[in-house]
Amino acid sequence: MAKAPLHENGGAVKHPREYYFSGSTTIFASRYDQRFSYCLYVPTAHSPDGPPVPIAVMQHGTGRRGPQYRDNLAEWGERQGCLVLAPLFPAGIEDVDDLHGFKFINYRGIRFDHVLLAMVEEVGERFNVDTERFLLHGFSGGGQFAHRFAYLHPDRLAGVSIGAPGRISYIDWDSPWWIGLKGFEEEFGQPPRILELGAVPVQMVVGAEDVETWEINNQGDANWMDGADAYGTTRVERLAALRDNFAAHGINVRFDVVPGVAHQPMSVLEPVKDFFTSILTPRETS
């Protein structure tokens, strides 16, 4: 009997739909808003008839490296039986010069939290996945998005990993949004859900050498507010301050500083994978 022909990647040829909708998928436009898109890694553990698989969302930063995040999590996702979702929020939406709007969740009428939640629901319609709660990691601008998303939607998070954000929204009721939470309810139509966030596993991760300041101390630019440097000049200092800020409000944080690493998103992923694994496969404690 003749063997099935092989694709260039060495695997048996599949139906085109099956091929591009499994493993490392093609890029899909969001039905919610086709200006935005996403790609996936669908593990072989996924089955339409089996138990739903969990979702890990990898939120890009300013460089929009969504497929690169997906590819760096693919082996982990295969091992853990976890679908990886990498959104793409392109630069220049509504404003040709905009790089940063998604980081602040609400920009020119676009609610980027709603865009992400719609993507999760769309993935749930196409695949057999658990959409009730998902894992979320973001680095740099993605780390900004991740912790602000957590203030809004802790009920949707199985865990959140906040990587090296340069601009932070502290739990500070006296400082204006976005360096604090004064005006949050006017901005989003709801108060921040800090008490509920206390029940969500939280990681903060940063490279030990992530100390360059040219991108985060840019007074006068569109993504600057006076007071953004009140708790430190580097990403390491600001994230440590956020950890202490969370702790003061009853939110426990796993804090990972990766030796020898600067502002390099793919170089902090090992502790992120370990954090996600600890949630998906809780470890026995002595």
Side-chain angles (χ1 to χ4, degrees), residues 7-11 13-48 52-93 99 101-103 110 112-131 133-146 149 156-161 163 264-269 272-273 276 280:
H7 189 272
E8 63 184 8
N9 66 7
V13 169
K14 306 175 181 180
H15 185 280
R17 179 181 173 87
E18 180 187 359
Y19 182 79
Y20 290 106
F21 282 60
S22 62
S24 296
T25 72
T26 191
I27 297 175
F28 301 103
S30 171
R31 297 197 306 273
Y32 176 82
D33 186 331
Q34 294 203 323
R35 295 175 295 181
F36 307 106
S37 57
Y38 58 90
C39 62
L40 308 168
Y41 182 79
V42 182
T44 55
H46 172 268
S47 167
V53 299
I55 301 175
V57 175
M58 303 298 292
Q59 179 57 56
H60 64 67
T62 313
R64 272 80 179 174
R65 297 184 179 96
Q68 189 177 354
Y69 278 109
R70 185 271 310 275
D71 293 345
N72 274 273
L73 264 287
E75 182 179 346
W76 173 88
E78 182 65 26
R79 192 166 59 247
Q80 294 297 320
C82 182
L83 182 143
V84 179
L85 164 60
L88 173 59
F89 299 154
I93 300 293
L99 293 170
F102 78 94
K103 305 171 188 178
I110 303 170
F112 286 92
D113 57 331
H114 295 169
V115 176
L116 175 57
L117 290 172
M119 290 177 178
V120 171
E121 296 309 308
E122 290 171 24
V123 171
E125 293 171 11
R126 180 171 279 160
F127 300 95
N128 183 17
V129 293
D130 181 1
T131 61
R133 287 181 179 265
F134 52 87
L135 301 165
L136 173 62
H137 169 72
F139 182 89
S140 193
Q144 294 186 51
F145 176 91
F149 183 94
R156 300 302 304 274
L157 294 173
V160 60
S161 172
Q264 299 162 304
M266 305 306 153
S267 297
V268 304
L269 289 179
V272 175
K273 296 173 190 175
F276 283 175
L280 295 178

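- Heavy-atom minimum distance, E78 versus P43: OE1-CA, 3.4 Å.
- A donor-acceptor pair is defined here as one N or O able to donate and one able to accept, closer than 3.5 Å; such a pair exists between the side chain of R64 and the backbone of T62.
- The aromatic ring centres of F112 and F145 sit 6.0 Å or more apart.
- When all heavy atoms of V42 and S22 are compared, the pair lying nearest together is CB-CA, 4.2 Å.
- In this structure, CE in M58 is found 4.0 Å from CG in L73, a value given to the nearest 0.5 Å.
- In this structure, F89 CZ and K103 NZ are separated by 13.0 Å, a value rounded to the nearest 0.5 Å.
- Using a 4.5 Å heavy-atom threshold, the side chains of T131 and V123 count as separate.
- One finds the CG atom of L116 at 10.0 Å from the OG atom of S30 (value rounded to the nearest 0.5 Å).
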Trace of the side-chain hydrogen bond (donor to acceptor under 3.5 Å, both in side chains) decision for Q59 with Y69: CA-CA 8 Å; Q59 179 57 56; Y69 278 109; over 6 Å; no
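- Residue F36 holds its CZ atom at 4.0 Å from CD1 of I110, rounded to the nearest 0.5 Å.
- For the pair H60 (side chain) and A86 (backbone), a donor-acceptor distance under 3.5 Å is absent.
- C82 approaches A56 most closely through the heavy-atom pair SG-N, 3.6 Å.
- The distance from atom OH of Y38 to atom CD1 of I27, rounded to the nearest 0.5 Å, is 11.5 Å.
- Looking only at side-chain heavy atoms (C-beta outward), H114 and D33 stay at 4.5 Å or farther from each other.
- A29 and S37 make their closest contact through CA-CB, 4.0 Å (heavy atoms, listed as atom of the first residue, atom of the second, distance).
- More than 12 heavy-atom neighbours from other residues, nucleotides or ligands sit within 6.0 angstrom of CD on E121.
- Although no hydrogens or angles enter the test, the distance criterion places no donor-acceptor pair under 3.5 Å between the side chain of T26 and the main chain of Y20.
- By the 4.5 Å heavy-atom criterion applied to side chains, F127 and H46 are counted as neighbours.
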Working for side-chain contact (heavy atoms from CB on, under 4.5 Å), residues L269 and H137: CA-CA 9 Å; L269 289 179; H137 169 72; 4.0 Å; yes
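- Considering every non-hydrogen atom in both R65 and P265, the closest pair reads NH1-CG, 3.9 Å.
- Figure legend: R126 and F28 shown as a cation-pi pair, the cationic atom lying under 6.0 angstrom from the six-membered ring centre and within 45 degrees of its axis.
- Using a 4.5 Å heavy-atom cutoff, the side chains of V129 and P52 are not in contact.
- The number of heavy atoms from other shown groups lying within 6.0 Å of CZ (R156) is above 12.
- The OG atom of S161 lies 8.0 Å from the CG atom of L136; values are rounded to the nearest 0.5 Å.
- Taking all atoms of both residues into account, the shortest heavy-atom contact from G81 to P54 is O-CD, 3.3 Å.
- Counting only heavy atoms from C-beta outward, the side chains of Y41 and N72 never approach each other to under 4.5 Å.
- Residues F102 and Q144 have side chains not in contact (no heavy-atom distance under 4.5 Å, counting atoms from C-beta outward).
- Between the D113 side chain and the F149 main chain, no donor and acceptor come within less than 3.5 Å of each other.
- Under the side chain to side chain contact (heavy atoms under 4.5 Å, CB included) rule, L135 has a single partner from L157, L85, L280, V84, which is L280.
- Although no hydrogens or angles enter the test, the distance criterion places a donor-acceptor pair under 3.5 Å between the side chain of E122 and the main chain of Y32.
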